[in-house]
Amino acid sequence: MKNTITLHDLSFEKFITKTNVQHAVNGVAVRLNEDYRGKCPVFLTVLNGAFLFSSELIKKFDHDCELSFIKVASYEGTQQSDEIHTVMGAEPSLKGRDVIVVEDIVDSGNTVETIIKILKDEEVASFTIATLLYKPEAYKKPYKIDYIGLEVPNDFVVGYGLDYNGLGRNLTSIYKLKESTMTNLVLFGPPGAGKGTQAEVLKEKYNLVHISTGDVFRYNIKNATELGTLAKSYIDKGQLVPDSVTIKMLNAEVEKNADAKGFIFDGFPRTEAQAEALAVLLASKNTGVSGMVALEVDDEVLVQRLLERGKTSGRADDADEAVIRNRIKVYYAETAILKGFYEKQDKYHGVDGVGTVSEITDRLSKVIDTL
Ligand code: IMP
Ligand code: MG
């Protein structure tokens with residue numbers, strides 16, 4: 001089975017193999033067989049999560065026993081709340097019985113506490129708690145957890161009965177939520193600001209993958225990929241390539257570099273809709289945009305730089321001052337929207353873009369190191 005899986009909007013990585021889950025179940029079963037010799041306990045399974053653990057545990061139980069089920073609810077998504085309510089009570093009465101409570105996981109202990117209260121009200125003869133997983137760092141209650149399959153750190157886990165918003169219960173291994181350590185930069189700079197130069201330096205320095213949207217488009221069109229051909233069909237008609245196509249190309253680039261420590265997005269996003277799509281794309285990798293870094297250079301400096309470059313580069317759009325000024329204007333019109341978008345999230349960082357290459361790199365690094 002795969003090592004990384006996605007459930008809804010989150011990715012999870014394999015944490016406890018199927019074999020080790022089986023060992024944990026066996027360990028609990030061996031102890032129960034010893035401790036309940038000569039008794040006929042009731043296994044009280046806490047639904048829904050414990051159903052898988054309990055069904056395998058009971059198959060390994062060698063003595064007479066009965067089954068009962070109880071359902072309580074406390075979780076929303078990956079966040080737990082203190083509100084616990086009984087959705088379905090134990091049937092028939094547990095009065096005078098030896099009860100083994102079967103849990104998938106004991107986290108804060110709120111569920112266990114609720115169930116113990118119910119058992120006391122029912123006047124059971126005795127009870128023990130058997131759980132597949134136990135989070136010692138999260139547990140805050142005084143009750144003894146008698147049988148523990150495995151102790152786990154305080155991370156959100158799924159699989160083998162445990163779910164994230166309903167999904168993941170059927171997995172035979174246990175997976176844990178993947179935390180992001182990626183640095184994802186949205187790099188901006190007006191024409192002539194030295195963005196390309198800095199992207200090359202930052203990419204090496206921070207071990208990031210540079211995704212230039214222009215390059216991605218050219219690559220896909222040149223190699224006539226499915227998406228490239230689709231994009232070309234719009235370009236040939238003189239239309240803008242729809243965001244959905246651009247996002248798919250970007251998604252493919254991100255997928256190609258699944259192990260990247262982060263990305264430098266260059267030439268993207270251009271619109272708020274694209275910025276939102278990028279957020280969704282990165283959220284599916286449990287990460288997000290770390291910051292928008294924009295090189296700031298005075299217009300007059302830019303014009304002079306570009307005219308200078310035009311003398312040697314042979315680029316027609318660098319030779320004409322009016323064309324240059326218009327390109328700068330277009331840049332600011334586009335950027336303003338995104339600047340606002342990221343400013344609202346405290347993610348906009350303007351960096352002085354006048355100086356030597358290494359001076360500017362140092363300024364950028366100071367910002368990136370805090371992200
Ligand atoms: P407690 O009441 O905090 O001990 O949590 C017990 C219940 O919360 C379990 O029976 C699960 O349904 C759920 N739960 C706690 N931690 C996790 C987890 O990491 N993944 C999925 N469900 C969990
Ligand atoms: Mg549960």
Side-chain angles (χ1 to χ4, degrees), residues 1 3-18 20-21 24-25 28 43-58 67-90 99-121 127-180 286:
M1 216 183 283
N3 280 324
T4 301
I5 53 156
T6 303
L7 300 174
H8 297 293
D9 55 337
L10 296 179
S11 350
F12 295 81
E13 60 195 341
K14 195 178 270 179
F15 178 47
I16 305 170
T17 62
K18 186 176 168 176
N20 287 338
V21 173
V25 177
V28 174
F43 282 90
L44 180 63
T45 300
V46 185
L47 294 175
N48 296 325
F51 83 101
L52 254 183
F53 173 46
S54 119
S55 73
E56 297 210 7
L57 191 63
I58 289 159
L67 309 183
S68 187
F69 300 89
I70 192 166
K71 187 164 182 175
V72 296
S74 69
Y75 260 74
E76 278 280 319
T78 64
Q79 288 306 307
Q80 187 211 18
S81 78
D82 284 346
E83 280 297 303
I84 296 196
H85 54 277
T86 310
V87 181
M88 180 184 106
V99 177
I100 303 169
V101 176
V102 185
E103 258 288 24
D104 49 355
I105 188 163
V106 174
D107 188 297
S108 68
N110 288 337
T111 308
V112 160
E113 178 165 70
T114 306
I115 288 168
I116 289 177
K117 273 190 203 133
I118 296 170
L119 296 180
K120 287 183 175 162
D121 286 349
F127 67 84
T128 55
I129 314 284
T131 185
L132 177 66
L133 304 177
Y134 170 61
K135 294 182 180 171
E137 294 156 42
Y139 190 61
K140 294 189 202 79
K141 303 292 177 186
Y143 320 104
K144 182 172 172 233
I145 308 299
D146 307 271
Y147 305 94
I148 294 169
L150 284 166
E151 287 193 359
V152 290
N154 199 4
D155 297 312
F156 190 79
V157 292
V158 293
Y160 202 81
L162 292 148
D163 72 311
Y164 164 52
N165 279 351
L167 298 184
R169 296 199 195 272
N170 55 326
L171 299 164
T172 50
S173 308
I174 290 175
Y175 293 74
K176 80 171 179 196
L177 186 62
K178 232 173 151 176
E179 301 292 346
S180 166
N286 293 349

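Atoms within a ligand are numbered from 1 in the order they appear, just like the ligands themselves.
For a threshold of 3.5 Å applied to N or O pairs, the pair formed by Val158 and ligand 1 contains no separation below that value. Some N or O of Val157 is nearer than 3.5 Å to an N or O of ligand 1, by distance alone.
The OG1 atom of Thr6 sits 8.0 Å away from the NZ atom of Lys178 when rounded to the nearest 0.5 Å. The OH atom of Tyr160 sits 11.0 Å away from the CG atom of Asp104 when rounded to the nearest 0.5 Å.
Ligand-side atoms of ligand 1 in range of Leu162: 21 (C), 22 (N), range being under 4.0 angstrom from any heavy atom. Atoms of ligand 1 found under 4.0 Å from any heavy atom of Asp163, numbered from 1 in the order shown, are 21 (C). Proximity to Glu103 (heavy-atom distance under 4.0 Å) selects the following atoms of ligand 1: 10 (O). Distances below 4.0 Å separate heavy atoms of Asp104 from the following atoms of ligand 1: 9 (C), 10 (O), 11 (C), 12 (O).
Between Gly49 and ligand 1 there is no heavy-atom distance shorter than 4.0 Å. Residue-ligand proximity: Val46 is placed with every non-hydrogen atom at 4.0 Å or more from ligand 1. Remark: distances from the non-hydrogen atoms of Asp155 to ligand 1 include one below 4.0 Å. Not a single heavy atom of Lys176 sits less than 4.0 Å from an atom of ligand 1. Using a 4.0 angstrom heavy-atom cutoff, Asn48 does not count as in contact with ligand 1.
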Exercise for the section: Could you check Leu162 against Leu132 for side chain to side chain contact (heavy atoms under 4.5 Å, CB included), going step by step and ending with a plain yes or no? Expected result: CA-CA 10 Å; Leu162 292 148; Leu132 177 66; 5.7 Å; no
Exercise for the section: Give the C-alpha distance, both sets of side-chain angles, the deciding distance and a yes or no for side chain to side chain contact (heavy atoms under 4.5 Å, CB included) between Val102 and Ile58. Expected result: CA-CA 10 Å; Val102 185; Ile58 289 159; 5.9 Å; no
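Closest approach of Phe156 to Asp163, counting heavy atoms only: CZ-O, 3.5 Å.
With sequence neighbours excluded, the residues satisfying side-chain contact (heavy atoms from CB on, under 4.5 Å) with Leu150 are Ile16, Ala24, Leu133. Partners of Lys141 under the side-chain hydrogen bond (donor to acceptor under 3.5 Å, both in side chains) rule, at least two apart in sequence or in another chain, are Asn110, Glu113.
A tilted orientation is assigned to the rings of Tyr164 and Phe12, their planes being inclined by 30° to 60°.
Contact annotation: for Asp107 versus ligand 1, heavy atoms closer than 4.0 Å belong to both the backbone and the side chain. Of the heavy atoms in Val112, none comes closer than 4.0 Å to ligand 1.
When atom types are taken as modelled, the side chain of Asp146 and the backbone of Ile129 share a donor-acceptor pair closer than 3.5 angstrom.
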